[in-house]
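Only one structure is covered here, and it is reproduced in the block below.
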Amino acid sequence: WIIVFVLSLYFMITDPDTMRKIIGGCFPKRFLVRMRKIKREIKRYLGGYIKAQLIIMCIAAVILMVGLSIMKVEYAVLIALGIAILDALPFFGSGAVLWPWAAICFIGGDFARGIGLIIIYISLICTRQLIEPKIVSENIGIYPVFTLMAMYLGFKLLSVGGMILGPMILILVVSLYKAGALDGLICFIKGFFRRIGEFIKEI
């Protein structure tokens, strides 16, 4: 089976068009049309979300550069860029660097730098919470209140990383809805509640 897997992988890489036709022939045309529509919607929303995150990352980098420069930290620009990139990743965030760094400063007796790092972290969190819903909603075309709800639920379930994953899950759901992939589920739910309503009226 290893040989078959390697050969299949080789043909998929060297002749992707033929493999696409073979795989496409295994599924109904309606299904393939639906999948292409879902792919198009996800790419459109995901592209907007990535653009929004890049904007937020640039703002975070500026805040970090200013804060670290005031504290006269060496290589402030490089460190700020690194923390800003980390801040955009789920389950990490700027706290993965700033909190341990602040703790080391407090242990070493450098209380001024430790307090400064905590202030920078609080500034980053407050700025993200204030601007992220608006920037994300403007770039993906979803109402800010829904983006804010997705961020809040993500934060409650998965901490800081959930603030990034929450909107991504929202994008996936909206993309599936726009592509019509959830029509069957929506009809089933509507029918279910309609039957419950009819049953209650009969009682």
Side-chain angles (χ1 to χ4, degrees), residues 39-178:
K39 180 182 177 182
R40 186 169 62 251
E41 291 292 334
I42 290 176
K43 284 177 69 176
R44 182 166 70 90
Y45 283 107
L46 192 60
Y49 182 75
I50 291 172
K51 180 182 176 182
Q53 288 301 321
L54 287 174
I55 294 171
I56 295 167
M57 189 172 71
C58 291
I59 294 171
V62 171
I63 294 172
L64 284 159
M65 286 179 195
V66 172
L68 294 177
S69 298
I70 291 172
M71 294 165 56
K72 298 181 180 179
V73 174
E74 293 183 4
Y75 309 108
V77 175
L78 291 176
I79 294 172
L81 290 174
I83 297 175
I85 293 170
L86 195 65
D87 188 53
L89 298 176
F91 303 112
F92 288 98
S94 56
V97 174
L98 294 178
W99 278 112
W101 190 0
I104 292 170
C105 290
F106 282 121
I107 292 171
D110 193 351
F111 296 103
R113 178 166 290 189
I115 293 171
L117 292 171
I118 292 174
I119 291 172
I120 292 173
Y121 175 76
I122 294 171
S123 301
L124 287 173
I125 292 296
C126 292
T127 302
R128 177 176 282 275
Q129 289 184 344
L130 287 172
I131 67 173
E132 187 169 12
K134 181 175 176 57
I135 293 176
V136 172
S137 62
E138 286 180 352
N139 282 276
I140 66 178
I142 298 176
Y143 288 114
V145 65
F146 294 127
T147 307
L148 188 61
M149 287 172 62
M151 289 174 58
Y152 177 77
L153 290 173
F155 178 75
K156 285 294 183 182
L157 294 173
L158 300 170
S159 187
V160 178
M163 294 176 68
I164 298 174
L165 285 179
M168 290 183 70
I169 294 171
L170 176 64
I171 288 169
L172 178 61
V173 173
V174 172
S175 299
L176 293 174
Y177 173 75
K178 291 281 188 180

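Note that the structure is predicted; figures quoted are calculated from it, not measured. Atoms considered below: every heavy atom in the structure, side chains included; atoms not considered: hydrogens, waters and symmetry mates.
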field: Working for side-chain contact (heavy atoms from CB on, under 4.5 Å), residues Val77 and Leu68
entry: CA-CA 8 Å; Val77 175; Leu68 294 177; over 6 Å; no
What distance do [X] atom [atom1] and [Y] atom [atom2] have between them, rounded to the nearest 0.5 Å?
X      : Y      : atom1 : atom2 : answer
Ile119 : Leu124 : CD1   : CG    : 12.0 Å
Ile83  : Met57  : CD1   : CE    : 13.5 Å
Ile63  : Cys58  : CD1   : SG    : 11.5 Å

message: For Ile79 versus Glu74, what's the shortest heavy-atom pair and its separation?
response: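 Smallest interatomic distance, heavy atoms only, reads CD1-O, 3.3 Å.
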message: Any non-hydrogen side-chain atom of Asp87 less than 4.5 Å from a side-chain atom of Leu64?
response: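 When only atoms from C-beta onward are counted, Leu64 and Asp87 do not touch, as no gap falls below 4.5 Å.
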- prompt: Would you say Ile135 and Ile59 make side-chain contact, with heavy atoms under 4.5 Å?
  reply: yes
Report, one line per pair, each donor and acceptor closer than 3.5 Å where one atom sits in a side chain of residues 103-114; sequence neighbours left out.
from	atom 1	to	atom 2	distance (Å)
Asp110	OD1	Arg113	N	3.4
Arg113	NH2	Met71	O	3.4

